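Since the structure comes first, as structure tokens, the remarks are kept for the end.
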Amino acid sequence: MAPLDLFNHLLNFVAPAFAVGFLSALLGRLTMRKAAGTLSWWLQGAINFIVGVAVLAGGLVFFGRDGKMATYAALVLACATSQWLVAGGWRRS
């Protein structure tokens, strides 16, 4: 595989984590009030992205292939939980 093809495959692999991670950070700004000491939206998105990539990699290892719906469901749950934690939702409950 050529280096450009490998780079393209890696970008396509992490694209769902990027989209879900940063969309959850942006939508979290709309739905949750900003508390003192919370992180900026782009830092929250970066943390969600890292969590999402870890979930996608775990799904690839567990199932042996990419693109399983169970992995994408776990991605959404993990990013939502991560967003709730970094936004300080546990302090408001």
Side-chain angles (χ1 to χ4, degrees):
M1 181 181 300
L4 191 56
D5 291 335
L6 178 65
F7 183 68
N8 186 27
H9 281 282
L10 288 176
L11 282 180
N12 286 323
F13 178 72
V14 299
F18 182 82
V20 173
F22 279 94
L23 281 176
S24 62
L26 288 172
L27 292 175
R29 287 285 174 178
L30 296 175
T31 59
M32 300 177 75
R33 280 184 271 127
K34 184 174 179 175
T38 57
L39 303 173
S40 62
W41 71 269
W42 61 269
L43 192 54
Q44 290 179 6
I47 291 170
N48 293 339
F49 172 69
I50 292 167
V51 168
V53 169
V55 167
L56 290 176
L60 179 63
V61 169
F62 184 75
F63 292 115
R65 58 178 287 227
D66 180 30
K68 295 287 257 183
M69 289 305 293
T71 304
Y72 292 140
L75 169 68
V76 170
L77 289 174
C79 283
T81 304
S82 172
Q83 178 61 33
W84 180 72
L85 288 171
V86 297
W90 51 273
R91 287 183 281 210
R92 292 186 203 102
S93 297

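Since we're looking at a predicted model, the values are computed, not measured. The figures here come from the full heavy-atom set of this structure, side chains too, leaving out hydrogens, waters and symmetry mates.
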field: Side-chain cluster (under 4.5 Å, hydrophobic types only) that Met1 belongs to, other residues
entry: Leu6, Leu10
- prompt: Do Leu39 and Leu27 share a hydrophobic cluster (ILVMFWY, side-chain heavy atoms under 4.5 Å, transitive)?
  reply: no
field: Nearest non-hydrogen partners of Gly52 and Cys79, listed with the distance
entry: CA-SG, 4.2 Å
message: Going by side chain to side chain contact (heavy atoms under 4.5 Å, CB included), name the residues that satisfy it together with Val14, two or more places apart in sequence or in a different chain.
response: Phe49, Val53
message: Within this structure, what is the CZ-CG distance for the pair Phe18 and Leu23, rounded to the nearest 0.5 Å?
response: 9.0 Å
Donor-acceptor contacts, no H, no angles, side chain residues 54-62, under 3.5 Å, sequence neighbours left out:
none

Contacts table for residues 67-74: side-chain donor-acceptor under 3.5 angstrom, sequence neighbours left out:
none

- prompt: Which residues satisfy the side-chain hydrogen bond (donor to acceptor under 3.5 Å, both in side chains) test with Trp42, sequence neighbours excluded?
  reply: Ser40
- request: Output every pair passing side-chain hydrogen bond (donor to acceptor under 3.5 Å, both in side chains) with a member in residues 8-22, not counting sequence neighbours, ordered by first then second residue.
  value: Asn8-Asn12
- request: Scan residues 45-65 for pairs that pass side-chain hydrogen bond (donor to acceptor under 3.5 Å, both in side chains), counting only residues two or more places apart or in two chains.
  value: Ser24-Asn48, Asn48-Ser82, Asn48-Gln83
- prompt: Considering residues, nucleotides and ligands other than Phe63, do more than 12 of their heavy atoms fall under 6.0 Å from its CZ?
  reply: yes
Close side-chain approach of Thr81 to Val51, heavy-atom, < 4.5 Å: no
